[in-house]
Visitor: 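First, the structure itself, so that you have it in front of you.
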Amino acid sequence: MSNKQLNDFMPGGNMTDNKKNFIGMDIEQIKQEMVMIGEKPFRAKQIYLWIYSKGAKSIDDMTDLSKSLREKLHRNYCVSRPYITNHQVSKDGTQKWLLKYKDGNEAEMVFIPEYDRGTLCVSSQVGCTLTCKFCHTGTQKLVRNLEISEITGQVIIARDMLEGWQLNGEKRKLTNIVFMGMGEPLYNTDNIISSLKILTDKNGIAISKRKITVSTSGVADQLERLGSETNASLAISLHAPDDETRTKIMPINKKYNLDILMDICRKYPEISNTNRITWEYVMLKGVNDTNEHAKLLAKLIKGIPSKVNLIPFNPWDNSPYECSEPEQIQNFAKILLKNKIPAPIRKTRGEDIMAACGQLKSESERIGKWQKK
Ligand code: SF4
């Protein structure tokens, strides 16, 4: 699809609108809006279904509202999706979209199809403050948090593009969501929690809570709130089993060290063998990948229902690390398995379009520079 076609795809997405966007509002907020403009609150349910269940792209699509009401709504409201500025498809089927928001800022989202599911990796911020040393996204400065409309807007666009809204008995392609794109979700907790409520509402987008995973670098003081208010599945970017190594590669460990982090993770609600904590572990040659590290890791998470995702490092230009040897990654996995901890080695996806883990900055900046030429 050309960029021109992509841009034409966004009929509700007038980026210059100063109107209130229905996308990002929950049912109660839409009810309040209806009362404010002198309409009956039950209109909210109709509008809500159009937005989140039928995928309306414009107020004009809401054909069970009278023409006069649609005209009235047009004066104050819009149905505005983020603007797609680039779309790439990897040879392995992974897709990446670069999305532009109302103020011109951009963030990326990635769709990873697998035989039994399809996972959308969404962004929570433009840029990131956390400077994890192995992550290219972390070399881009934080610009701002994404709003609720911008977070839910990513999922809405993915549904538009991947499968449509009304299915004739076919299975949905988009089944899972992970907050693992750009940014630290728990530095944007309010908007993440509100977005999760919209995404999981059975009357709307209806993605199961268990199929949504929030991945954090370990903002321990927000974890309790995330667990109690959303029940989302939890992934922790751990990447090292001891404070010394972790602080070197993840500066956030100075603030929330492993004692603090482990203590709060042990209390995360509804953790069980069917709902394990996922520990993300990027394999960096000579840094965190020895047999000793694997044994320490098994000891650290002992007693917590866990799965460790071993991620072969995806290098970028001038990156300070190399990926561990395949044989050492296997050794590492075996030690964890011996300790009854599942440790799948993640297959790198979307590498040819820079959509793999931790690569999400460079392409948007590269395209940005190219577009400014
Ligand atoms: S790994 Fe996540 S938290 Fe760390 S710098 Fe990258 S985007 Fe930020």
Side-chain angles (χ1 to χ4, degrees), residues 23-30 45 48-49 51-55 109-114 116-125 145-159 162-163 165 167 171-181 183-237 264-280 304-307 309 342:
I23 291 182
M25 291 189 197
D26 64 21
I27 185 80
E28 290 309 317
Q29 286 167 311
I30 301 177
K45 191 168 178 200
Y48 186 90
L49 289 176
I51 304 289
Y52 297 120
S53 176
K54 300 180 201 167
M109 67 172 190
V110 176
F111 177 70
I112 306 142
E114 288 169 276
D116 62 342
R117 76 185 88 162
T119 303
L120 186 72
C121 177
V122 298
S123 292
S124 51
Q125 299 182 305
N145 284 339
L146 290 180
E147 293 169 7
I148 305 164
S149 61
E150 296 167 333
I151 297 167
T152 51
Q154 293 175 63
V155 179
I156 286 174
I157 284 184
R159 195 163 269 182
L162 292 166
E163 55 194 0
W165 291 78
L167 300 182
K171 277 192 178 167
R172 284 224 170 269
K173 289 185 186 149
L174 168 52
T175 57
N176 293 51
I177 294 175
V178 291
F179 283 83
M180 278 186 200
E184 164 51 64
L186 295 189
Y187 279 174
N188 191 12
T189 314
D190 287 345
N191 290 349
I192 294 295
I193 289 177
S194 300
S195 302
L196 284 174
K197 286 182 183 156
I198 292 173
L199 297 175
T200 54
D201 181 5
K202 288 192 179 63
N203 295 316
I205 294 175
I207 294 180
S208 148
K209 284 180 184 172
R210 285 285 167 88
K211 302 218 171 202
I212 300 188
T213 301
V214 176
S215 173
T216 171
S217 57
V219 185
D221 58 11
Q222 298 292 309
L223 275 172
E224 195 180 339
R225 192 175 157 212
L226 179 78
S228 62
E229 291 188 34
T230 72
N231 253 335
S233 297
L234 180 63
I236 302 283
S237 290
I264 200 88
C265 285
R266 283 178 202 281
K267 295 179 192 146
Y268 197 77
E270 294 190 32
I271 290 299
S272 67
N273 279 337
T274 52
N275 187 29
R276 295 165 184 255
I277 292 185
T278 302
W279 308 93
E280 305 289 345
I304 305 177
S306 293
K307 175 175 109 173
N309 269 344

Visitor: Could you tell me whether the side chain of Asn188 and the main chain of Gln125 form a donor-acceptor pair under 3.5 Å?
Guide: no
Visitor: For a 4.5 angstrom cut-off between non-hydrogen side-chain atoms, does Ser215 reach Pro185?
Guide: no
Visitor: Quick check for you: to the nearest 0.5 Å, what is the distance between Ile23 atom CD1 and Ile156 atom CD1?
Guide: 4.0 Å
Visitor: Mind checking whether Ile207 and Ile212 have side chains closer than 4.5 Å, heavy atoms only?
Guide: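 Yes; the side chains approach each other to less than 4.5 Å.
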Visitor: Under 4.5 Å between any side-chain heavy atoms of Pro305 and Asn275, yes or no?
Guide: no
Visitor: Please check this pair: side chain of Thr175 against backbone of Gly118, looking for a donor-acceptor N/O pair closer than 3.5 Å.
Guide: yes
Visitor: About how many Å separate CG of Asn145 and CD of Glu184, when rounded to the nearest 0.5 Å?
Guide: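 Answer rounded to 0.5 Å: 10.5 Å.
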Visitor: Could you tell me whether the side chain of Asp26 and the main chain of Ser194 form a donor-acceptor pair under 3.5 Å?
Guide: no
Visitor: Of Thr216, Thr278, Ile264, Val214, which meets side chain to side chain contact (heavy atoms under 4.5 Å, CB included) against Ile236?
Guide: Thr216
Visitor: Looking at CE of Met180 and CD of Glu280, how far apart are the two atoms once the value is rounded to the nearest 0.5 Å?
Guide: 4.0 Å
Visitor: Above 12 or not: heavy atoms from other molecules or residues under 6.0 Å from NZ of Lys54?
Guide: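 Count over threshold, so yes.
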Visitor: Given the rule in the side chain to side chain contact (heavy atoms under 4.5 Å, CB included) test, do Ile192 and Asp190 qualify, once you have shown the distances and angles that lead to the verdict?
Guide: CA-CA 6 Å; Ile192 294 295; Asp190 287 345; over 6 Å; no
Visitor: Rounded to the nearest 0.5 Å, what separates atom OG in Ser228 from atom CD1 in Ile193?
Guide: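 Those atoms lie 7.0 Å apart.
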Visitor: Quick one: closest heavy-atom pair of Thr213 and Ala235, and the distance?
Guide: CG2-CB, 3.7 Å
Visitor: Which heavy-atom pair separates Leu174 from Phe111 by the least distance, and what is that distance?
Guide: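 Distance-wise, the nearest heavy atoms are CA-CE1, 4.1 Å.
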Visitor: Check whether Arg225 reaches the backbone of Thr189 with its side chain - one donor and one acceptor, N or O, closer than 3.5 Å.
Guide: no
Visitor: State whether the side chain of Lys209 and the backbone N or O of Asn231 hold a donor-acceptor pair below 3.5 Å, judged by distance alone.
Guide: no
Visitor: Provide the closest heavy-atom pair for Ser195 versus Ile148 in the form atom of the first, atom of the second, distance.
Guide: OG-CG2, 3.6 Å
Visitor: Would you sort out whether Lys267 and Glu224 count as a salt bridge (charged side-chain N to carboxylate O under 4.0 Å, His left out), showing the intermediate values?
Guide: CA-CA 8 Å; Lys267 295 179 192 146; Glu224 195 180 339; over 6 Å; no
Visitor: Side-chain contact, heavy-atom cut-off 4.5 Å: Ile151 with Phe179?
Guide: yes
Visitor: How close do Trp279 and Ile304 get, heavy atom to heavy atom, and via which atoms?
Guide: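 Result for this residue pair: CZ2-CD1, 4.0 Å.
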Visitor: Distance check, rounded to the nearest 0.5 Å: Asp201 atom CG versus Ile27 atom CD1?
Guide: 8.0 Å
Visitor: Do the side chain of Ser149 and the main chain of Glu147 share a donor and acceptor less than 3.5 angstrom apart?
Guide: no
Visitor: Do Leu146 and Ser124 touch side chain to side chain, with heavy atoms closer than 4.5 Å?
Guide: no
Visitor: Would you name the heavy atoms of Trp165 and Tyr52 that are closest together and state the gap between them?
Guide: CZ3-O, 3.2 Å
Visitor: Could you give the distance from CD (Glu163) to NZ (Lys173), rounded to the nearest 0.5 Å?
Guide: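 These two atoms lie 7.0 Å from each other.
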Visitor: Carefully, step by step, assess Ser53 and Asn203 under the rule side chain to side chain donor-acceptor pair (under 3.5 Å).
Guide: CA-CA 7 Å; Ser53 176; Asn203 295 316; over 6 Å; no
Visitor: Return yes if some donor-acceptor pair links the side-chain N/O of Ser123 with the main-chain N/O of Met109 below 3.5 Å, else return no.
Guide: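 No; judged by distance alone, with no hydrogens or angles, the pair does not exist.
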Visitor: So which atom in Ser208 and which in Thr200 form the shortest heavy-atom distance, rounded to 0.1 Å?
Guide: C-CG2, 4.4 Å
Visitor: So, the side chain of Glu114 versus the backbone of Asp116: is there a donor-acceptor pair under 3.5 Å, distance only?
Guide: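 No: the side chain of Glu114 does not pair with the backbone of Asp116.
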